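Structure first, then comments.
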Amino acid sequence: MTPERDLALRTLTEAWLGLHGLAPDGDIVIARDEVLRPGRPGLLDIVAHVGDRRVHMVVGLRGVADEPHFLRSGEEAALGLLDDDEGLAVCTDAVRDAEHAGLLLATVRGVEARPGPVAVLRDDDDATVLNCGDRGDLLVFPWLSAMPRPDVDLMVALDEFGFNHVAAPLARWVWEGADLGVVQEPLADRSSGWALALTSLRDFYASGGLPEAAGGDFGAEARALGTMTARMHVALDSAFDRQHEPVVGWLDDAEATIAASDASLLQAPGVTELVKWLRESESRLPVIRTHGDFHLGRTARTDQGWVVSDCAPGGVVAPGSTVRPRTPLGDVADLLWSMHRASTVVAAERDPAGRLGLAALGHAWEMRNRRAFVTGYLSTPGIGGLVGPDRTLVRRLLSFLELARSVREGSVQVF
Amino acid sequence: MSSPPIPVSSNESAFDPSVRWFQHAVFYEVLIRGYHDANNDGTGDLRGLREKLDYMEWLGIDCIWMLPFYPSPFRDGGYDISDFFNVHPDYGSIGDLVAFLEDAHRRGIRVIADLVMNHTSDEHPWFVESRSSRDNAKADWYVWNDDDQKWPDARVVFTDVERSNWTWDDTRQQYYWHRFYHHQPDLNYDNPEVADTMIDLVRFWLDLGFDGFRLDAVPYLYQRDGTSGEHLPETHAFIRRIRKQIDADYPGRILLAEANGWPSDVADYFGDGDECHLCFHFPLMPRLFMAVRREQRYPITEILAQTPVIDDACQWAIFLRNHDELTLEQVSDEERDYLIAEYAKDPRMKRHMGIGRRLAPLLDNDRRTAELLYALILSLPGSPVIYYGDELLMGDNIYLGDRDSVRTPMQWSPDRNGGFSKADFAQLYLPPLMDPVYGFSALNVEAQLRNQGSFLHWLRRMLTERRALPVMGVGAMEVLPCANPSVLAYMRSGEVADILTGSTSTGPSVSPAVDGALDWGHSTVLARTVPAGNESEDDDAVHRQQAVLCVHNLSRFAQPAELALAKWAGSTPYEVLGRVPFPVISEEPYAVTLPPYGFLWFDLVLEERLPPE
């Protein structure tokens, strides 16, 4: 790489960091300069060391007079200029441009590019996720880790082991062992589980009565979601190693998490008795690779049913990026907590001052759908081997795990 | 108070002469005895039906589907037939029927009949003879057996009133087969005489002027060991035989199959374009109601995703309600329980495996939801079928037996008997509705004609607008992704032909879609738009692409939606009812806001088609 080019790429990198509200906290060292697609429009893939992190950006190249196709109007995605063998190019962040994003998807997939719609599903420090219509979903990771991403590993494993409720990965884009991005198969007509739950809650809060009698009853969906979750765990059990651990060990971790947030919760009515009962259990139950942060927003409803729309984080990721196995009930507890959160969010929307007394309705909605979800989960063939036969233990474990989950977000519920 | 006259238009240009007319038609299901009573004997009749053709023409329907008019002891609403080649004397004569058909055709309205092929009444002379002995001329015209153990896999359809498909006959000392009521013995199609007679029957009514048939209970014609007795290859072979006759001697006439099954199974009744022209899409109907209750689109989009692509020359028939119960056969047990809990809270509302209610009571008389559901069936792929009275949002009477709850007299005016008949009240075949909400004194055609804001006027307007949008019938459909689960948006698109006529008029403004052929400043030319290929050789036609964006809010709350319409960037969406231009579509997500249960149809017009300023 010539010094001029190196300078140019470092300048582009600094501009990219600026777009993300970041200033370089160290020297920028270009580690990868790969022309993905020559010509105009073209694509350039850059990885740069910035301090102790590695940033990954895809630069879209256009002729000076060419019109961009920014995904959001007014969004500043320009990075600068680059003079290469094909002349002067205007550089933009490729994942913020519909045409460049389509080209990138085709390049990663190794297929011919074709036009189509592009919509931003997610754009944060973890990933930019673009819905490219029937061409698929494109995920680009802006920050690289030293190892393969656990969420991509999870997605690939689920697909390989016959789990039908995930958009299959069509291409995994890797460089020197690090995941640069993924293309997943298209999912037609999706709505997030969160949006569906909120729709049900709004209807129920407006109509009152019993949740199963409300028109927007979520019970059937919750049950189907439970079934899907169980199938996910059965697939993960097949894909990764299973171990067994004493239940008591999980209590220690959960108690530590709760204590770190608010130790008084451990003294709340019912909690002490719950912990005591669980500690007296001598059970050993399986621990497997789990989703790690399974909530309604990580699921989506499509015409073919429920899917896991977001595999991040891909497990319980401990410091050092090792993935720890845990009881699958941890994912279940996460989802149940998510239902509680949904009910409180919509209640706050509808009644910010808390005058309508929606808490009782919210609780009824939660109970109905928690029961439906857990029924769907526990009645799925194969799950019994992962959660054990003792339903009382399952129920109590879920309560405690959910309490531990809730303190991570600052929202507490005590049963 | 006299009712306002129904304007009679010269509707010649509305009669689509093409053989594929049914793909863009609106059907209107009529119960003859409930429609209008001309001779004031308490039962509707053919002369009464004919007297109301002005109304039907005004409403804008294209084809009448007549429920059975044959002689019958009326133990199943006329579907128990005792003479296939005649007209029930209560309805009139064959002469009355022919006069009605001719009058309908003059108005550009086609008429199809219900053809009840599977069974007859046990009072039919054929059955009377057949049961009399084991060796008479008609002995083998029905399905007889010494025991009732044969074909155990064939389900009982009316499980709430029949325990078996076999019934013992004391006269013949044998069991006879019936898939429906015990007084409706099944014909034996393995007997060539039966099959030939049915072909004669088809030709008989087509020669008289009918435009086709609805094939009632067609899946059940044959029985075979080890099968369910439904959808057998022999049944399809027989339908192909009928279709061959029609194609050869009666082009433009149609067959509409009543086959209640999963779309992929029902699609078999289209054959390779050599069986039925249309099939009812039964599974869609309960899912429309479910989607509205759940306020999410997935019940609809799921079933559409499972609906196979059909031959270009075929069409689905879609509907909200009909003369039968709102059938829940094609939903899961859980979904059935849900729909019954939502829509049939009173046990008296349940009928067989469904709900015996009309559209308006199902929707708690909510006009907004009714408009939304009609907007759906008028824009989803298929030819809509409207049940008589639902254009007024008529109610029902769940205290009447069987399916009579939804077969009460049409309500024409606030006068005696709702203007249906001048007979004594006690003579009426069924009592008209008289409750404060749905009773005829408040809810009737006369009152709604007088009120421009009525549901009747609204529906008429919708049918008029739909006629100018042939893609609603025959166009491709693309469901548009939307993050909001309560919004169902899709694009209907395809090639259409604008047919220009030479007359001038000061009538309503012409759709901007055809302005390319008009001189805006000086004259107005009446035109009609048909599916491309439906125009005749003599027509002066201009082909173009038509695209209609349909957006529906299934929620009781106002909803936002952002739609990816970049594929149509550069088009100006014209809202169909108001012709108001909306912002031009760009590559960015297109924001739409919908009121509760609201819908919007947009005719997408490319810039070069816009009128000069």
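Being a predicted model, the structure only gives us computed values, none of them experimental.
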Between the CD atom in Glu587(B) and the CD atom in Glu67(A), the distance rounded to the nearest 0.5 Å is 8.0 Å

In Å, rounded to the nearest 0.5 Å, how long is the span from CD1 of Ile300(B) to CG of Asp303(A)?
-> 10.5 Å

Glu302(B), Met290(B), Arg293(B): which one forms the most heavy-atom pairs within less than 4.5 Å of chain A?
-> Glu302(B)

Check each atom of Ala566(B) against the heavy atoms of chain A and say whether the ones under 4.5 Å are side chain, backbone, both or neither.
-> neither

What part of [X] gets closer than 4.5 Å to chain B, counting heavy atoms only: side chain, backbone, both or neither?
X: Thr302(A); result: backbone
X: Ala206(A); result: both
X: Arg202(A); result: both
X: Ala119(A); result: neither

Tyr298(B) side chain to Gln304(A) main-chain N or O, any donor-acceptor pair under 3.5 Å?
-> no

Specify the closest pair of heavy atoms between Gln296(B) and Glu221(A), including all atoms of both residues, with the distance to one decimal.
-> NE2-OE2, 3.2 Å

For Ala195(A) and Pro485(B), the nearest pair of non-hydrogen atoms, with its separation, is CB-CD, 3.8 Å

Side chains of residues 555-564 of chain B: which donor-acceptor pairs under 3.5 Å do they make with residues two or more places apart or in other chains?
| unit_1 | atom_1 | unit_2 | atom_2 | d |
| --- | --- | --- | --- | --- |
| Ser555(B) | OG | Glu295(B) | OE1 | 3.0 |
| Ser555(B) | OG | Phe557(B) | N | 2.9 |
| Ser555(B) | OG | Gln559(B) | NE2 | 3.1 |
| Arg556(B) | NE | Asp203(A) | OD1 | 3.2 |
| Arg556(B) | NE | Glu295(B) | OE2 | 3.1 |
| Arg556(B) | NH2 | Asp203(A) | OD1 | 2.1 |
| Gln559(B) | OE1 | Asn484(B) | ND2 | 2.8 |

Between the side chains of Thr199(A) and Arg294(B), is a donor N or O closer than 3.5 angstrom to an acceptor N or O?
-> no

